[in-house]
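Structure first, then comments.
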Protein chains: 2
Amino acid sequence: MKKEDQVLMGFRDLYNKIVWLNKNKMEDSLKGYTSSEVHCIEYIEKNADSNVTKLAESFYMTRGAISKLTQKLIKKGLIESYQKSDNKKEIYFRLTAQGKVIDKIHEDLHKEFQERDKAVFEQVTEEQFDSMLSFVEKYSRHLDAVIKKQGLDMKSE
Amino acid sequence: MKKEDQVLMGFRDLYNKIVWLNKNKMEDSLKGYTSSEVHCIEYIEKNADSNVTKLAESFYMTRGAISKLTQKLIKKGLIESYQKSDNKKEIYFRLTAQGKVIDKIHEDLHKEFQERDKAVFEQVTEEQFDSMLSFVEKYSRHLDAVIKKQGLDMKSE
DNA sequence: TCGACTTTGTTTCCTTGTCAACAAAATGGC
DNA sequence: GCCATTTTGTTGACAAGGAAACAAAGTCGA
């Protein structure tokens, strides 16, 4: 097998493992909240004026799904929506006090994960970090270009 | 932000992007087949005597989900099940001729993806490949240990 | 060998997300 | 300014996957 395949498959397996493990741990610690809900809360806290469309693009999900998710979070009292005086279409979100509590717990959990994996990262040299970061950025930019090109292609079909 | 966070978030975003892009392309080329179905076919072709449990573990999905998925693939005539004379419990899968056709198309598509991303991988040195592979392997083994430990912990609860 | 425990696959109910159609607001060319 | 187009968020029908309960087969210690 080619090394690029090994890398991609290795990443896939590693990523799935991390997601599975952290999801289990999180839904165990934050009972009553799914990992989707918590990630949504995290994003809203970190990004001012986030709305359905931005959340959907960031999570590679449909607007429909995000719309339902945010409505649920509003019903649960974790986020609230607001609008700006010069735009009656876009609807933005921010955390409520209760939402901030959840975000804080999630943040602590995140630190716990870091602690759990510290041994692995301690072995990584600065050069390795930079090398991986540069790879990720290059690849990501490349795919953005592909997506952009494809977007144009789709219109012409 | 710490570099380890940058790396992890970079990988997460990159991975989501790849999955989204390839999924779209695949379900466009292989109309009538979802990416889950195709991945299931791929796994069965590559792993002799695969069964529901092995598929579930490999995909980090429940056995229930895989059970339904394989039943659908059997109905579609893409895979068939068989048993061994000394075990009346385990049920294995293999591809039918039609399944192999789909697998072949998927394989070609995979080569197309490689071609699409060739430019990125050409810039990666042998050392970078090895460094990333070693990181992935170390991290993966570390998480396996965590999962194993957690498994024991759960029993004791 | 027998009975308790484990493993394997299936089923039912429920949640989550997609798809496609839609309404309302914003935008842009003329 | 007006009308066609685009953007934004929502909805309902549907499909995919998870959780839990289950039956049937296998395993293993006494």
Rounded distance (Å) that lies between atom [atom2] of [N] and atom [atom1] of [X]:
{"X": "A:Glu57", "N": "C:dT18", "atom1": "CD", "atom2": "C1'", "value": "17 Å"}
{"X": "A:Lys88", "N": "D:dT10", "atom1": "NZ", "atom2": "C1'", "value": "20 Å"}
{"X": "B:Asp86", "N": "C:dT7", "atom1": "CG", "atom2": "C1'", "value": "16 Å"}
{"X": "B:Glu90", "N": "D:dA24", "atom1": "CD", "atom2": "P", "value": "18 Å"}
{"X": "A:Lys84", "N": "D:dG9", "atom1": "NZ", "atom2": "P", "value": "12 Å"}
{"X": "A:Lys75", "N": "C:dT15", "atom1": "NZ", "atom2": "P", "value": "13 Å"}
{"X": "A:Asp49", "N": "D:dT8", "atom1": "CG", "atom2": "P", "value": "14 Å"}
{"X": "B:Ile79", "N": "C:dG9", "atom1": "CD1", "atom2": "C1'", "value": "13 Å"}

Between the side chains of [X] and [Y], is a donor N or O closer than 3.5 angstrom to an acceptor N or O?
{"X": "B:Ser131", "Y": "A:Gln128", "answer": "yes"}
{"X": "B:Tyr92", "Y": "B:Glu90", "answer": "yes"}
{"X": "B:Asn22", "Y": "B:Arg116", "answer": "yes"}

Measuring to OP1 and OP2 of [N], would you say a side-chain N or O of [X] lies under 4.0 angstrom away?
{"X": "B:Gln83", "N": "D:dA25", "result": "no"}
{"X": "B:Asn87", "N": "D:dA25", "result": "no"}
{"X": "A:Asn51", "N": "D:dT8", "result": "no"}

### Query
Would the A:Phe11 and B:Tyr15 ring centres measure less than 6.0 Å apart?
no
### Message
Taking the ring centre of each residue, are B:Phe121 and A:Phe135 less than 6.0 Å apart?
### Response
yes
Check for me whether [X] meets the cation-pi criterion with [Y], that is, NZ or CZ under 6.0 Å from the six-membered ring centre and within 45 degrees of the ring axis.
{"X": "B:Arg94", "Y": "B:Tyr82", "result": "yes"}
{"X": "B:Lys17", "Y": "A:Tyr60", "result": "no"}
{"X": "B:Lys25", "Y": "B:Phe113", "result": "no"}

### Task
Between C:dG9, D:dT11, D:dA24, spot the one nearest the side chain of B:Lys89, thanks.
D:dA24
### Nearest listed nucleotide, side chain of B:Ile91, among C:dT8, C:dT10, D:dT8
C:dT10
## Note on the structure
Scoring nucleotides 14-19 of chain D by protein non-hydrogen atoms under 4.0 Å (B base, S sugar-phosphate only, - none) yields --SBBS
### Message
Roughly what angle, to 10°, lies between the helix axis at the start of the helix from C:dT1-D:dA30 to C:dC30-D:dG1 and the one at its end, five pairs per end?
### Response
40°
### Task
Report yes or no: does B:Ser50 contribute a side-chain atom to a donor-acceptor pair with the main-chain N or O of B:Asn47 at less than 3.5 Å?
yes
